[in-house]
Amino acid sequence: MSDIRQFQTHPEVEIATESPLAYSRQRSGAPAITVSSQVMLRERPFQGHLTLRGGAIVLDEALRHVLGLSLPSQPHGLNHDDSGERSVQWLAPDEWLLIVPGGEEFSLETRLRDALGDAHVSIVDVSGGQTVIDIEGEMAHAVLMKFTHYDVDPTVFPVGKGVTTGFAKTSAILRRSSASRWELVVRRSFADYLYRWLLDAGEEYGIGVER
Amino acid sequence: MSQSTKQPNRLAAGGSVDRTRTLKFTFNGQAYTGHPGDTLASALLANGVDLVNRSFKYSRPRGIVAAGAEEPNAVMQLGASEATQVPNVRATQQALYDGLVAYSTNGWPDVQKDLMSWIGKLGAPFMPPGFYYKTFMAPASMWMTYEKYIRKTAGLGRSPSEPDPDIYDHMNRHCDVLVIGGGPAGLAAALSAARSGARVIVADEQEAMGGSLLDSRDRLDDQPAHAWVTTALEELAARDNVTLLTRTTANGYHDHNFVTLHERRTEHLADSAPTIEGRRQPRSRLHRVRAGQVVLATGTHERPLVYGNNDLPGNLLAGAVSTYIRRYGVIPGRKLVLTTSNDHAYRAALDWHEAGHEVVAIADAREAPEGELVEQARKHGIRVIAGSAIIEATGSKRVSGARVARIDRDGFKVVGPVETLDCDTIASSGGYSPVIHLASHTGARPTWNEEVLGFVPHTVKGVTTTGGARGVYPLADVLADGAEAGAVAATAMGFEVATEARHVPQATVVTEGAACALYQVPHEKPTLRAPKQFVDLQNDVTAAAIELATREGFESIEHVKRYTAMGFGTDQGKLGNINGMAIAARCLGKSIPEVGTTVFRPNYTPVTFGAVVGRHCRELFDPERYTAMHQWHVEHGAEFEDVGQWKRPWYYPRRVNGRLESMHEAVVRECRAVREHVGILDASTLGKIDIQGPGAREFLGRVYTNKWAKLAPGRVRYGLMCKDDGMVMDDGTTSCLGENHFLMTTTTGGAAAVLEWLEMWHQTEWPELDVYFTSVTDHWATMTVTGPEARKLLAEITDIDLDRESFKFMDWREGRVADVPARVFRISFTGELAFEINVQANYAMHVWKTLFEHGDKYGLTPYGTETMHVLRAEKGFIIAGQDTDGSVTPEDLGMHWAIGYDKPFPWIGKRALSRSDTRRTDRKQLVGLKPRNPEVVLQEGAQIVFDPQQTIPMTMVGHVTSSYYSPTLESGFALAVVKGGHQRMGETVYLPMVDGTIHEAEIVGTQFVDPEGARQNV
Amino acid sequence: MFHIYCPYCEEYREEEEFHPKGQAHLSRPEDPDDCSDEAWGDYLFFRDNPRGIHHEMWVHAQGCRKFFNITRHTVTYEILETYKMGEQPTITAETNTARPAATASSADDRAATEVKGAQGVQA
């Protein structure tokens, strides 16, 4: 499809990368995880993030064909593939977020576009603009209660749900990928602010950061 | 400071204080002791401290009146150090801890010998309502001086002058049922709702849940009432679906069942929050609760009677007397007289008697009091004087006697001889007022209930009021009502409530006689001449003041409130409002419901700023957005400028000869580097929007003022965006990536608004256009390499053909820069040769550093936003939002070249550009200004006039929008909007400054440097 | 703080996630070039300010970024319904004339004011 200009962002040679939290860890520190840590953070940077926009039916078909992953059609749905490494999340009635292992995004986009043919969709690589922060531990949801006005009670926020909502004074995506793990998908430029906020709010629970 | 361990008013037994442990505290510098379980108020009373404050206006001595949130007098300044000062703490709500330091809020310089007390003695004629308005009105200029002293004497508490060592936070909560109040009704409601499986939060402002049951004489299931409280709390605490919050005040009730709860987490422990394993914990926490249903179980406040000198220390509410005896083991005097309009208050006399102290008499306003409690009192040999009331207390700093007389309530007069009884304590009760503050926050006006002689809340969607708060008083009824309220709330949320879930304990039934309506007690003298009869103790409002207000023509209760200050401030009319309304009603010859009530407002009791602010302070006050190269800027000494929420390098001062450059020096150096060699700017903050779809091109043509039909892939174009009123809202370049694929850039500050703007037009007006917009601002890092040497530098590290013929101005190309795939755009905001390099942000630091590795020999200089501003202004490039302000059209900017009047679709803003107002020739138009004196840099925002001789107010014809010193011109220069400016080239305008100097400037074109654009096109 | 049902997310969300965009159902004149200055001025500058039922456009800015409309009572602040772009309100000042301008008080009102198509706040 020459009407759309795809772009391979990754170099062919090994180049030093910096994650959105690289500077934050240096400046604000990364407290060690101890036996009394009730909240743990872990950044999972450098993954492939694609924003899909278009009709649910055509995108679902293409995604099944290419990744064997079905598109969540209900609001706030979050589906993972069998390996758990690839996920697709409902963001809006015509918008989904696809996260895959870093480096896969360009060929994935190509294959999706091939599968989609002439359908009117938009696929945008946003990998450089987002990072994922895992939040785990028995007080993870307590920290989240300070952080977001969204109802994060584990009894009403099931595994397999994801929402875009307000966190402190900005917004982010919150997903529950397993019973014990929450994931925040944050924008690069806000990552430092949100990281500092988490460290501050988690202090009373002995928050630690996986290094 | 003498150390006293005696607590003369502490009973040997009774109450829930731990007498085996002693806590030390000081009040007004004097050392005292108390016990765990005490409040500051109960400990002060135990120590026999009568005088806790001076009154707000008359500086009269005041003592503790109540035992809860309604306390009007014992309002304290707390804090052992300057940094931990907290004003406006009610001693009745403050748990005692070891080392507590408290001071009276009022009473400068000394609560015992108050300078101001002579005012109180002089009485009402000297300080009538409106005294301050009337006395200090003239001259107006002196008010600021008066105010300073008035505030000091009034003593509204003070804030600390040092930073607060504590941290605070917020917690967002959601529940099906929020129960406010943990007394009998609230606990019963919580139990029935919780048993249904609903998510329940129970909040209670006291140290422990239980409310009136904690000091009740009643028995539940044949056990002391507090034993049932323990059982109920155990059941609730064991449930996963229940959250119990003690020491937590529901202080504000907002729209759609949003309630703020102020939880004091550590205020009962120490002056500052203790750390746990070295970790700080929040001193207090604001819970922001979104509740499906709210159960208001806020109970009642006892109403004091209004009689002469009813503010003397030793006058207490009847219920407070019981609370101090039964809950804290403190008896606040020796000889008690009770004055009441109801049976319930007899409990105070019975408790007093059982504690072994003398009850001198009970003055009961009813003709024939009867009921179980009355009989018990008589059986104990307590003298009951029917049809009478205390008309006046006597004493100077403490009650020494009570003047009791027969009264005619309906005729409002004393009808019998006055008997003076010797006593040191007066307990009074005029009945009970449902606590309707929270219900009132929703805007719902309460309704008067004649049966309970009080206002009860109006029903509001999603709210169930229960128990005392809606005028249900007998304990058995309260429990049943509470259980029902909890069930109703849970049912409304879709839960099934089984019959057994509503089970409540069996309460002993105490038969009470009917209460009578009594608010102000008549005196032998008319109200205006009688000893002061206080209605609102905290704001020093007397019955006479209300009478005077009505005489002066204030008929609306809201006006009476504002004239007298009744129910103002931190008190919010808890004790006084009903009495005040009743008195106003009597004076106006109306009924209470006709007069109505004033509106109670948040907060119910004071909330510290810390709790309101939570974590949103200091370095977390607002988001700070960083680019991928932020760390490099920090390490290279950049000063930062806030642009929206971004931190952008402003300039990079260098250390020259051991001295750091000034901003001016740094900017001059950076400007020269760009004009003469090469500079680099971190432009990552520009908004970037990826636009895809067959409708993209048409859409661009509708939202931009200029043409997009023929922009080919590989080309870039500048675009102006207007609102439909024709005024410029944003600008930027948009590149054609593919036939159906564009990359739009926006201003840094406008990014989010522009994306929302595009979505709005697409979703609401033109859904038929097939196009999608996705923000890629954070995905790409952007670095602008600009200056005569830019091509040479970039050529060293890119595989892109930079030849001027194959890579023209306003082209973009793909390739590698420092081995990283990049899109490079030949656009220029400096007027020099420029390349904007975009790479995926995770690789940005590598590319940036590689540029510097190769750039040294070319004199590569990082420059910040200030230099960027100078360079673009020299070229007459506008900044939307600085040179425009929502009242400037593209034509006003002289940008006719960017308007496609002949485009087929009526694009946004087009029609407005032909309105008569936008066609005016005297509109303010963008021009350049050249100060006559080249050393002058005009002030941005300075007003422009044509005639400097005109007298003030002068006719202002425009203002300066951008102004800098230009190292290239070696002169100051500016952009400005001037009326009809485009036709005034060469004319002189004047800029009068505040200090009287008048600058002269010549109107010139906006392009000061290289107007032909030759330099960027090399 | 309003609690607003987003018809696209099919959930209630906090007011801070939304931006109000003013009066709903404004239509941009079909042919602006053929429109008088006065008519264009009306479209640009004049808005209703009713006491009572008001239709407003909002956007779920921090969520799905979709625009939608709400019917709100400007005295009680109750949101009577929310509906997607392109749909019409079921509650209008005309259909709702019997409604008191004060706070809803009866159970009937409560039932009538349930947000259409929503299951209440129950999780």
Side-chain angles (χ1 to χ4, degrees), chain A residues 1-5 7-13 15-20 22-23 26-27 36 45-46 51 53-54 94-95 120-130 142 145-146 148-151 153 155-156 168-170 187-194 196-197 200-201 203-206, chain B residues 167 169-174 199 240-241 276-277 279-282 288 290 615-616 619-620 622-628 630-631 634 645-646 685 690 692-694 713 737-741 770 772 774-781 814 816 818-821 823 839-846:
Chain A
M1 285 228 333
S2 62
D3 288 351
I4 300 293
R5 185 72 187 175
F7 190 77
Q8 166 62 278
T9 59
H10 298 298
E12 288 134 13
V13 295
I15 296 285
T17 49
E18 280 203 358
S19 89
Y23 172 54
Q26 268 190 43
R27 188 180 65 152
S36 62
F46 310 130
T51 301
R53 299 198 66 179
D94 59 358
E95 186 172 0
H120 165 51
V121 298
S122 146
I123 303 176
V124 181
D125 180 5
V126 292
S127 311
Q130 298 187 161
M145 282 167 76
K146 299 183 184 188
T148 177
H149 51 245
Y150 195 84
D151 190 352
D153 188 323
T155 62
V156 299
K169 287 188 185 173
T170 182
R187 288 176 69 180
R188 173 179 254 285
S189 58
F190 288 101
D192 180 81
Y193 166 72
L194 293 170
R196 285 187 286 122
W197 218 98
D200 199 60
E203 181 181 337
E204 66 175 310
Y205 309 124
Chain B
I167 57 166
D169 78 3
H170 294 171
M171 198 168 252
N172 301 286
R173 289 188 179 273
H174 302 258
R199 279 198 290 169
D240 285 343
N241 59 328
I276 297 175
E277 294 177 33
R279 301 171 192 156
R280 296 173 303 163
Q281 49 175 338
R288 308 163 81 245
R290 185 64 77 173
R615 220 165 273 287
H616 300 292
E619 60 275 11
L620 293 173
D622 205 42
E624 287 181 6
R625 301 179 68 180
Y626 298 153
T627 72
H630 187 80
Q631 184 171 3
V634 172
Q645 290 172 322
W646 290 95
T685 62
D690 181 284
Q692 295 183 17
L737 303 180
E739 193 53 41
N740 295 341
H741 193 184
D770 285 336
Y772 288 112
T774 304
S775 169
V776 288
T777 303
D778 287 41
H779 174 69
W780 298 105
E814 270 177 24
R816 274 159 196 73
D819 294 326
V820 176
R823 280 183 184 145
V839 296
Q840 206 252 41
N842 293 335
Y843 297 108
M845 193 65 109
H846 165 79

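Note on naming: letters A, B, ... go to the chains in the order of the sequence lines (proteins, then strands), and numbering restarts at 1 for each one.
- Taking both residues in full, the closest heavy atoms of Y772(B) and S122(A) are given as CB-CB, 3.5 Å, listed atom of the first, atom of the second, then distance.
- In terms of non-hydrogen atom pairs under 4.5 Å with chain B, the most contact-rich of K146(A), R187(A), E204(A), H120(A) is H120(A).
- In this structure, S189(A) and W646(B) approach most closely via the heavy-atom pair CB-CH2, 3.3 Å.
- Put simply, NE2 on H149(A) and CZ on R290(B) are 9.5 Å apart, with the number rounded to the nearest 0.5 Å.
- Your options are E277(B), E814(B), E624(B), and the one with the most heavy-atom pairs under 4.5 Å with chain A is E814(B).
- Side-chain atoms of Q840(B) do not come within 3.5 Å of backbone N or O of H10(A) as any donor-acceptor pair.
- In terms of non-hydrogen atom pairs under 4.5 Å with chain A, the most contact-rich of R615(B), Q645(B), H630(B), R288(B) is R615(B).
- Under 4.0 Å is where a charged nitrogen must lie from a carboxylate oxygen, and between R280(B) and D200(A) at least one such pair does.
- The two residues N842(B) and S19(A) come nearest to each other via the heavy atoms OD1-CA, 4.4 Å.
- Here the straight-line distance linking atom NE2 of H616(B) with atom CH2 of W197(A) works out to 5.5 Å at 0.5 Å rounding.
- Proximity to chain A involves both the backbone and the side chain of D819(B), based on heavy atoms less than 4.5 angstrom apart.
- Both the backbone and the side chain of A201(A) come within contact range of chain B, each with at least one heavy atom under 4.5 Å from a heavy atom of that chain.
- Residue contact with chain A, scored on non-hydrogen atoms closer than 4.5 Å, involves the backbone of A818(B) exclusively.
- Within the 4.5 angstrom heavy-atom criterion, atoms from both the backbone and the side chain of S775(B) approach chain A.
- In this structure the side chain of R27(A) never reaches within 4.5 angstrom of the side chain of Q631(B), judged on heavy atoms.
- Heavy atoms closer than 4.5 Å to chain A are found in both the backbone and the side chain of L620(B).
- For D690(B), the part lying under 4.5 angstrom from a heavy atom of chain A is the side chain only.
- For Q8(A), the part lying under 4.5 angstrom from a heavy atom of chain B is the backbone only.
- When all heavy atoms are compared, the tightest approach of P623(B) to Y193(A) is CA-CD1, 3.4 Å.
- Between I4(A) and N740(B), the shortest heavy-atom distance links the atoms CD1-O, 3.4 Å.
- The nearest pair of heavy atoms linking T148(A) to N172(B) is O-ND2, 2.9 Å.
- Interface check for chain B: of the options T170(A), V13(A), I123(A), the most heavy-atom pairs under 4.5 Å are formed by I123(A).
- Ion pairing between a basic and an acidic side chain is recognised when a charged N comes within 4.0 Å of a carboxylate O; D151(A) and R199(B) show such pairing.
- A heavy-atom distance below 4.5 Å is not found between the side chains of P11(A) and H846(B).
- For E619(B), the parts lying under 4.5 angstrom from a heavy atom of chain A are both the backbone and the side chain.
- Heavy-atom pairs under 4.5 Å with chain B were tallied for E95(A), Q26(A), Q130(A); the largest tally goes to Q26(A).
- Checked by atom type and distance alone, the side chain of H741(B) pairs as donor or acceptor with a backbone atom of R5(A) at under 3.5 Å.
- When heavy atoms are compared at a cutoff of 4.5 Å, S127(A) approaches chain B by way of both its backbone and its side chain.
- For Y205(A), the parts lying near chain B are the backbone and the side chain together; criterion is any non-hydrogen pair under 4.5 Å.
- Using a 4.5 Å cut-off between heavy atoms, V839(B) does not touch chain A at all.
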Pair H174(B)-D153(A), side-chain contact (heavy atoms from CB on, under 4.5 Å): steps then yes or no
CA-CA 8 Å; H174(B) 302 258; D153(A) 188 323; over 6 Å; no
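- For N241(B), no part lies under 4.5 angstrom from a heavy atom of chain A.
- The line from OH of Y843(B) to CD1 of I15(A) is 8.0 Å long, rounded to the nearest 0.5 Å.
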